[in-house]
Amino acid sequence: MIVLRFFHIVGGALWVGSAFLFVAVIGPSAAEVGPSAGPLLQVAVKKRKVATLITVFATSTVIAGWLMWLKNLKDYDWKVSDWVFHSNGFGLAITIGAILATIAWYEGYFHVARGVEELVDLGAEMAAVDGPPPPEKLGRMQAIQESLKKHGQVDIVLLLLTVSFMATAQYW
């Protein structure tokens with residue numbers, strides 16, 4: 001349990017912190033700066049693999065969390081209703097947090113991380129062309145940015161709710 005808690009808590013702190021930094025600070029700053037943010041994003045996303053790193057934090061957090069959840073379920077003789085509804089609220093709060101974290105993982109991986117990768121690739125394509133980029137590429141860039149903003153905000157809300165449920169579970 002110590003190893004699982006380590007991966008769950010440390011991974012979760014790194015996941016939430018880095019996701020918040022990118023969604024609340026770096027993403028909006030890059031959008032405001034425009035094309036000149038391209039080299040920084042290229043290094044962060046392609047060389048430093050930030051989207052992959054955040055995904056690793058998220059995945060280790062969710063897997064360790066579900067393994068601990070299963071261990072607790074085993075302690076309740078594999079009776080889900082006893083673990084979730086008859087553990088003085090603790091099991092319910094942990095279960096809600098686990099479900100929210102899993103949804104946040106999905107949002108982050110399939111919509112944010114992949115979107116960031118696509119955005120950086122498209123930015124590099126546009127920068128490599130002499131002259132102004134074609135309107136369809138500009139339109140695609142804007143669509144990706146809007147999607148990233150929406151899914152990033154959803155992801156952050158889910159993560160903050162997850163942390164709230166997990167942090168207060170013992171008081172339910």
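Throughout, residue positions are numbered sequentially from 1 according to the sequence presented.
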_Criterion side-chain contact (heavy atoms from CB on, under 4.5 Å) on Thr55 and Thr52, from CA distance to verdict_ = CA-CA 5 Å; Thr55 300; Thr52 302; 5.5 Å; no

For [X], look at atom [atom1] and say whether over 12 heavy atoms of other residues, nucleotides or ligands are found less than 6.0 Å away.
| X | atom1 | answer |
| --- | --- | --- |
| Lys79 | NZ | no |
| Glu136 | CD | yes |
| Asp82 | CG | yes |
| Phe90 | CZ | yes |
| Phe6 | CZ | no |
| Phe57 | CZ | yes |

Testing the basics here: between [X] and [Y], what is the closest heavy-atom pair and its distance to 0.1 Å?
| X | Y | value |
| --- | --- | --- |
| Met68 | Leu4 | CG-CB, 3.7 Å |
| Ala51 | Glu117 | CB-OE2, 3.9 Å |
| Lys137 | Leu122 | O-CD2, 3.7 Å |
| Leu119 | Gln145 | CD1-CG, 3.8 Å |
| Asp155 | Ala19 | OD2-CB, 4.4 Å |
| Trp105 | Ala58 | CD1-CB, 3.6 Å |

*In terms of the angle between their ring planes, are Tyr106 and His111 parallel, tilted or perpendicular, with boundaries placed at 30° and 60°?*
perpendicular

*Relative to each other, are the rings of Trp66 and Trp69 parallel, tilted or perpendicular (30° and 60° limits)?*
perpendicular

*Can you list the steps and then say if Trp15 with Ile54 is a side-chain contact (heavy atoms from CB on, under 4.5 Å)?*
CA-CA 6 Å; Trp15 175 21; Ile54 294 171; 3.9 Å; yes

Please check if [X] and [Y] belong to a single hydrophobic cluster, counting links between Ile, Leu, Val, Met, Phe, Trp and Tyr side chain heavy atoms closer than 4.5 Å.
| X | Y | result |
| --- | --- | --- |
| Val56 | Tyr109 | no |
| Met166 | Ile9 | no |
| Ile144 | Val33 | no |
| Val25 | Leu148 | yes |
| Val10 | Val50 | yes |

*Side-chain heavy-atom pair Val157, Leu160 within 4.5 angstrom cut-off*: no

*Taking the side chain as every heavy atom from C-beta outward, state whether Asn88 and Trp172 have any pair of such atoms under 4.5 Å apart.*
no

Going by atom type alone, with no hydrogens or angles, which donor-acceptor pairs under 3.5 Å involve a side-chain atom of residues 34-42 and a protein atom two or more places apart or on another chain?
none

*Okay, side chain of Ser147, backbone of Ala143: is any donor-acceptor separation there less than 3.5 Å?*
no

Look up atom [atom1] in [X] and atom [atom2] in [Y], then write down how far apart they are to the nearest 0.5 Å.
| X | Y | atom1 | atom2 | answer |
| --- | --- | --- | --- | --- |
| Met1 | His8 | CE | NE2 | 9.5 Å |
| Leu100 | Ser164 | CG | OG | 9.5 Å |
| Leu67 | Arg5 | CG | CZ | 14.0 Å |

